[in-house]
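Keep in mind that what you see is a predicted model, and the values were worked out from it rather than measured. Quick note on labels: first sequence line is chain A, next is B, and so on, each numbered from 1.
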Amino acid sequence: MLDIQALRNDLEGVVSQLKRRGFVFDAAKFTALETERKTVQTRTQDLQAKRNQSSKQIGMAKAKGEDVSAIMAEVAGLGEQLKSDESRLSELQLELQNMLLNVPNLPHVSVPDGVSEADNVEVRRVGVPRVFDFPVKDHADVGAPLGLDFDTGAKLSGARFTLMRGQIAKLHRALAQFMLDTQTEQHGYEECYTPYLVNAETLVGTGQLPKFEEDLFSLAHNDSKLYLIPTSEVTLTNTVRDEIVPLEALPIKLTAHTPCFRSEAGSYGRDTKGMIRQHQFDKVEMVQIVHPEKSDEALEEMVGHAEHILKALALPYRVVSLCTGDMGFGATKTYDLEVWLPAQNTYREISSVSNCGAFQARRLQARFRNEQGKPELVHTLNGSGLAVGRTLVAVLENNQQADGSVTIPEVLRPYMGGLSSISVR
RNA sequence: GGAGAGCUGGCCGAGUGGUCGAAGGCACUUCCCUGCUAAGGAAGCAUACGGGCUUAAAUCUGUAUCGAGGGUUCGAAUCCCUCGCUCUCCGCCA
């Protein structure tokens, strides 16, 4: 959520910044709502003040045993006017709130302008794609004989679900374990196990709701609804909702390995083969809650934490700075890590690291006590470290051998019982 | 699933219709006192959103907030209703 003060003080400026990312803000509607809100709020508060004062007088008079009928008569007419003003005011505030909840974050000045993926800017490339002396297979073909079972996944649940068996399942688990161990032991994140089902308030906090409900899976629960998390960014970041943490507690660094559930509405027909785009996938997520002055550097640091995994696995990748038009709703700046997939002959997203500034913190009322002892909004960041399913895809494709086996990266071997390669037995 | 208890400020905790945004304590901040390692004294100390003043801040002022929402009332932390959460006991259960 944007700071409503910024909209009041510099509407033009905010509108033009939003335009950079292709969002059209209805300034006229906002101004109209604001003007009326101001009038109604002032009037309401005046009436309330009058009522409070009179009620106080009644109390004092009664205590002395005096007659209160004169004051009572004075207050008599206030009720109805007050009631209608109060309800109009809350309507207006609700409408303003809803308007704000649907406005994306402002892009950081360093974010390149653009309208789509095509305008993203490559920051650096690391590693050299391997040259194959045999026809390269995609991960589905490499994986199928090794235990990557799309047919059964489809039978059990439908499209975009996969069953993993045997060594593939173990490799998948090894990847997750390795990532989690690395983020906790080498980069200082606290390991968390979080709920996979969350309430609506939690999703409003990180910005998935109210705007992106169609992207989520949900379950009826009593009279309410619970949602399957689309990422553990949601649960990890919401740990500080409605909290005022002491200055010394920052930065808070959390990580979790969880499944993620996404309806993938609007991506029909894209990546239908294989396990690039699934309704359910595992991810090791990193979240940082930081002092506002530290968020820019924390972003760079987190990109490094994600890159560390790719380097350790010896997977070629590139870092891309997302353009204004391609960034997520809550981000002020985002780097994507794209891993080399030889079968697709291209780099594909495997991690996304974002600085959300105070955008989520304002929705969450997540604050810290600043140097002056006053509560101030924190900055929040999140990033994948990494998407486990896509990493499995990358390992299968990049490490495939002519005989159909797949070499296990060195760092994963301890997690694989010392195995250096997997193959059809 | 059944029965009961509770939810008040950063924390503990008092408060059952009127001058209560809320006693008292702890913690914290500033000042004073004292030289002996901690004690004593004074003051301050919630958040959000408006309005006035201001370049801005400070400050002043109004409103709201005692788990959430609704109701009764001139007036609600206090009474009524609905919901949420926590705890205890019983049952069931990985």
Undergrad: Could you tell me how far apart A:D10 (CG) and B:U55 (P) are, to the nearest whole angstrom?
TA: 19 Å

Undergrad: Does the pair A:R37/A:E95 count as a salt bridge with the N-to-O cut at 4.0 Å?
TA: no

Undergrad: Please pick, from B:U72, B:C49, B:G21, the nucleotide with the shortest atom-to-atom distance to any side-chain atom of A:Q93.
TA: B:C49

Undergrad: Filter on salt bridge (charged side-chain N to carboxylate O under 4.0 Å, His left out), then keep only pairs touching residues 256-282 of chain A, sequence neighbours left out; what's left?
TA: A:D138-A:K273, A:D141-A:K273, A:E264-A:R277, A:D271-A:R277, A:D271-A:R348

Undergrad: Name the residue closer to the 5' end of RNA chain B, choosing between A:M72 and A:G59 according to the nucleotide with the nearest heavy atom.
TA: A:G59

Undergrad: Pick the C1' atom in B:A77 and in B:G17, then give their distance to the nearest Å.
TA: 11 Å

Undergrad: Regarding A:E233 and A:K283, does a basic nitrogen lie under 4.0 Å from an acidic carboxylate oxygen?
TA: no

Undergrad: Starting from P on B:A48, measure out to CG on A:L96 and report it in whole angstrom.
TA: 19 Å

Undergrad: Nearest whole Å is fine: how far is B:A48 P from A:L364 CG?
TA: 15 Å

Undergrad: Which part of the nucleic acid, if any, lies within contact of A:P375, taking any heavy atom under 4.0 Å across all strands shown: a base, the sugar-phosphate backbone alone, or nothing?
TA: sugar-phosphate

Undergrad: A:I244 has an atom CD1; how far is it from atom C1' of B:G9, in whole Å?
TA: 10 Å

Undergrad: Where does the angle between the aromatic ring planes of A:H291 and A:F368 fall among parallel (under 30°), tilted (30 to 60°) and perpendicular (over 60°)?
TA: tilted

Undergrad: Can you confirm if the aromatic rings of A:Y193 and A:H257 lie within a centre distance of less than 6.0 Å?
TA: no

Undergrad: Just checking A:F150 against A:F161, ring centres under 6.0 Å apart?
TA: no

Undergrad: Using 4.0 Å as the upper bound for N to carboxylate O, is an ion pair formed by A:E86 and A:K83?
TA: no

Undergrad: I'd like a list of close polar pairs between nucleotides 63-66 of chain B and the protein, N/O only, cut-off under 3.5 Å.
TA:
from: B:U63; atom 1: OP1; to: A:N52; atom 2: ND2; distance (Å): 3.3
from: B:U63; atom 1: O3'; to: A:Q48; atom 2: OE1; distance (Å): 3.2
from: B:U63; atom 1: O2'; to: A:Q48; atom 2: OE1; distance (Å): 2.8
from: B:A64; atom 1: OP1; to: A:R51; atom 2: NH2; distance (Å): 3.1
from: B:A64; atom 1: OP2; to: A:N52; atom 2: ND2; distance (Å): 3.4

Undergrad: How many whole angstroms separate atom CG of A:N370 from atom P of B:C28?
TA: 19 Å

Undergrad: Round to the nearest Å and state the distance from A:E248 atom CD to B:A27 atom C1'.
TA: 13 Å

Undergrad: Does anything in residues 152-180 of chain A form a salt bridge (charged side-chain N to carboxylate O under 4.0 Å, His left out)? List the pairs, not counting sequence neighbours.
TA: A:D149-A:R165

Undergrad: Just how far, in rounded Å, is P of B:U55 from CG of A:N9?
TA: 15 Å

Undergrad: Starting at atom CG of A:L89, determine the distance to atom P of B:G51, rounded to an integer number of angstrom.
TA: 12 Å

Undergrad: Under 6.0 Å between ring centres: does that hold for A:F217 and A:Y227?
TA: no

Undergrad: Please evaluate the base of B:G18 for a donor-acceptor partner in the side chain of A:K62 within a cut-off of under 3.5 Å?
TA: yes

Undergrad: Quick one: on RNA chain B, does A:R367 or A:V75 contact a more 5' nucleotide (nearest heavy atom)?
TA: A:R367

Undergrad: With ring centroids as reference points, do A:H305 and A:Y189 lie under 6.0 angstrom apart?
TA: yes

Undergrad: Could you check which residues of residues 29-42 of chain A get a heavy atom under 4.0 Å from RNA chain B? Sort them by number, please.
TA: A:R37, A:K38, A:Q41

Undergrad: Once Watson-Crick and G-U wobble pairs under 3.5 Å are found, how is RNA chain B written in dot-bracket notation, 5' to 3', with | for any base paired to another strand?
TA: ((((((((.[[[..)..(.....]]].(((((.......))))).((((((........)))))).[[[[[..)....]]]]])))))))....

Undergrad: By side chain to side chain contact (heavy atoms under 4.5 Å, CB included), which residues pair with A:V204, not counting sequence neighbours?
TA: A:L101, A:L209, A:R363

Undergrad: Hey, is A:R88 close enough to A:E36 for a salt bridge, meaning N to O under 4.0 Å?
TA: yes

Undergrad: Determine the Euclidean distance between corresponding C1' atoms of B:U47 and B:G84; express it in Å to zero decimal places.
TA: 22 Å

